[in-house]
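The structure under discussion appears below in the form of structure tokens.
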Amino acid sequence: MNHRARKRFGQNFLQDLSIIERMLAAMRLERDDPVVEVGPGLGALTLPLLERLDRLAVVEIDRDLIQLLEARNLDGLTIHNGDVMKFDFNALAAELAGSAPTEHSLRVVGNLPYNIGTPLLIQLLDCHEQIRDVHVMLQKEVVDRLHADPGTRAFGRLSVLMQSVFEVTPLFTVPPESFDPAPKVQSAVVRLKPRTDAPDKAFLAALQACTRIAFASKRKTLRNNFKGYLDEAALENLQINPQARAETLNLEAFYRIAKQLGDVQAVLK
Ligand SMILES: C[S@@+](CC[C@H](N)C(=O)[O-])C[C@H]1O[C@@H](n2cnc3c(N)ncnc32)[C@H](O)[C@@H]1O
């Protein structure tokens, strides 16, 4: 196959069969699972997925790769040509589930293009109610941020938001040689499962606003970042040290601030 990997689409194709096997084994697939693969590329994951599933949906942006996939006439494969960032996962969950309930049904898998890894994860926050689980390959540095603990260097907005909505389980690290072309950095596979106590839409919106403000300037104290939103006394009332920095707070502290901010927003309306 003479497709030249396109950098702008983050194309690093998986070559190492043992990695593909490990990813699939981690998923414990049942034949009738509703699965969507993001970025099938040349089909490294797609073909073994199809061997184990009755049907599979894929979303791919590169028309040349779509043509190659279409030419294979693969049974059970539904190909969506487009940008996954504009993709409606809720509609797909309904389509794949048929008449079955869609809640927590959709299984998402992919060796994600590095340029959209983080924004895609943020997008999945909004449709977590449709999702059963996510198994994706990302830059290891992003996976480190996903499951970082408060007070560590990797802990930030992404950690708070993702850990509030998903149980994050890093599975294994993947070296650059497993891909062609080889990326410059290590990769890792991570599993995300929606938490049973994931926040509802309104609270998630408050948490998104709260973390945007709290981490607006990483060097500044909470008092400074929250200026204009919550004053020092309000932070102290929430048992939060105004002189602390956002990366030292645990999830519960962010929830307390988000709840307060949510109330403030309601008063302002
Ligand atoms: C890292 S490659 C993985 C390809 C293949 N799954 C593999 O493991 O070899 C990422 C794939 O995502 C596709 N892609 C990049 N940006 C995309 C986007 N915004 N929407 C959908 N697919 C995208 C690329 O064209 C490429 O096929």
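Since the model is a prediction, treat every value here as computed from it, not as a measurement. Ligands are counted one by one from 1 in listed order, and the atoms in each one are counted from 1 as well.
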Practice task
Taking all heavy atoms of L53 and all of L56, pick out the closest pair and write down the distance.
Solution key: CD1-CD1, 4.1 Å

Exercise for the section: Quick one: look up the protein heavy atom nearest atom 17 (C) of ligand 1 and list residue, atom name and how far away it is. Expected result: I61 CG2, 3.5 Å

Problem - Polar contact flag for A44 and ligand 1 (N/O pairs, less than 3.5 Å) - result: no

Completion exercise
Atoms of ligand 1 under 4.0 Å from any heavy atom of P40, numbered from 1 in the order shown, are 5 (C), 6 (N)

Practice task
Could you list which atoms of ligand 1 come closer than 4.0 Å to a heavy atom of N12?
Solution key: 1 (C), 2 (S), 3 (C)

Practice task
Taking the side chain as every heavy atom from C-beta outward, state whether L24 and R52 have any pair of such atoms under 4.5 Å apart.
Solution key: yes

Practice task
Report yes if the side chains of I122 and L124 come closer than 4.5 Å at any heavy-atom pair, otherwise no.
Solution key: no

Exercise for the section: State whether a side-chain donor-acceptor pair under 3.5 Å links Q186 with T173. Expected result: no

Problem - Any N or O of V84 closer than 3.5 Å to N or O of ligand 1 - result: yes

Exercise for the section: Go through ligand 1 atom by atom and flag the ones less than 4.0 Å from a non-hydrogen atom of L65. Expected result: 25 (O), 27 (O)

Problem - Polar contact flag, side-chain donor to acceptor under 3.5 angstrom, D62-Q11 - result: yes

Handout entry: Residues which pass side chain to side chain donor-acceptor pair (under 3.5 Å) with D144, listed by chain and number, not counting sequence neighbours
Key = K140

Exercise for the section: Could you tell me which non-hydrogen atom of R22 sits nearest to which non-hydrogen atom of F172, and how far apart they are? Expected result: NH2-CB, 3.2 Å

Exercise for the section: Could you check atom 10 (C) of ligand 1 against the protein and tell me its nearest heavy-atom contact, residue, atom and distance included? Expected result: N111 O, 3.6 Å

Completion exercise
for atom 19 (N) of ligand 1, nearest protein heavy atom and its distance come out as D83 OD1, 2.8 Å

Exercise for the section: Flag D62 as yes when one of its N or O atoms lies below 3.5 Å from any N or O atom of ligand 1, and as no otherwise. Expected result: no

Exercise for the section: Would you sort out whether R256 and E252 count as a salt bridge (Lys or Arg N to Asp or Glu O under 4.0 Å), showing the intermediate values? Expected result: CA-CA 6 Å; R256 292 202 294 280; E252 283 66 31; over 6 Å; no

Exercise for the section: Report the nearest protein non-hydrogen atom to atom 1 (C) of ligand 1: residue, atom name, distance rounded to 0.1 Å. Expected result: G10 O, 3.2 Å

Handout entry: Protein contact of atom 6 (N) of ligand 1 - nearest heavy atom, named by residue and atom, plus distance
Key = G39 O, 2.7 Å

Problem - Element-labelled atoms of ligand 1 that are located less than 4.0 Å from some non-hydrogen atom of G82 - result: 20 (N), 21 (C)

Handout entry: L161 vs L125, side-chain contact (heavy atoms from CB on, under 4.5 Å): CA-CA, chis, key distance, verdict
Key = CA-CA 8 Å; L161 294 177; L125 290 171; 3.9 Å; yes

Exercise for the section: Report yes or no: does M85 have a heavy atom closer than 4.0 Å to ligand 1? Expected result: no

Completion exercise
If we number the atoms of ligand 1 from 1 as shown, the ones under 4.0 Å from a heavy atom of L14 are 7 (C), 8 (O), 9 (O)

Completion exercise
When distances are taken from atom 15 (C) of ligand 1, the protein heavy atom at minimum range is F9 O, 3.0 Å

Handout entry: Shortest protein heavy-atom distance from atom 27 (O) of ligand 1, along with the residue and atom involved
Key = E60 OE1, 2.7 Å

Fill in the blank from the handout: Per-atom filter on ligand 1: closer than 4.0 angstrom to a heavy atom of F13 are 4 (C), 9 (O)

Handout entry: side chain to side chain donor-acceptor pair (under 3.5 Å) against S159, all qualifying residues, sequence neighbours excluded
Key = none

Exercise for the section: Any atoms of ligand 1 less than 4.0 Å from a non-hydrogen atom of I116? List them with their elements. Expected result: 18 (C), 19 (N)

Handout entry: R157 and T211: side chain donor to acceptor below 3.5 Å
Key = yes

Handout entry: ligand 1 contacted by L42 (non-hydrogen, < 4.0 Å)
Key = no

Handout entry: Distance filter under 4.0 Å to E37 heavy atoms, resulting ligand 1 atoms
Key = 6 (N)

Practice task
Check whether any side-chain heavy atom of T78 lies under 4.5 Å from a side-chain heavy atom of V58, and answer yes or no.
Solution key: no

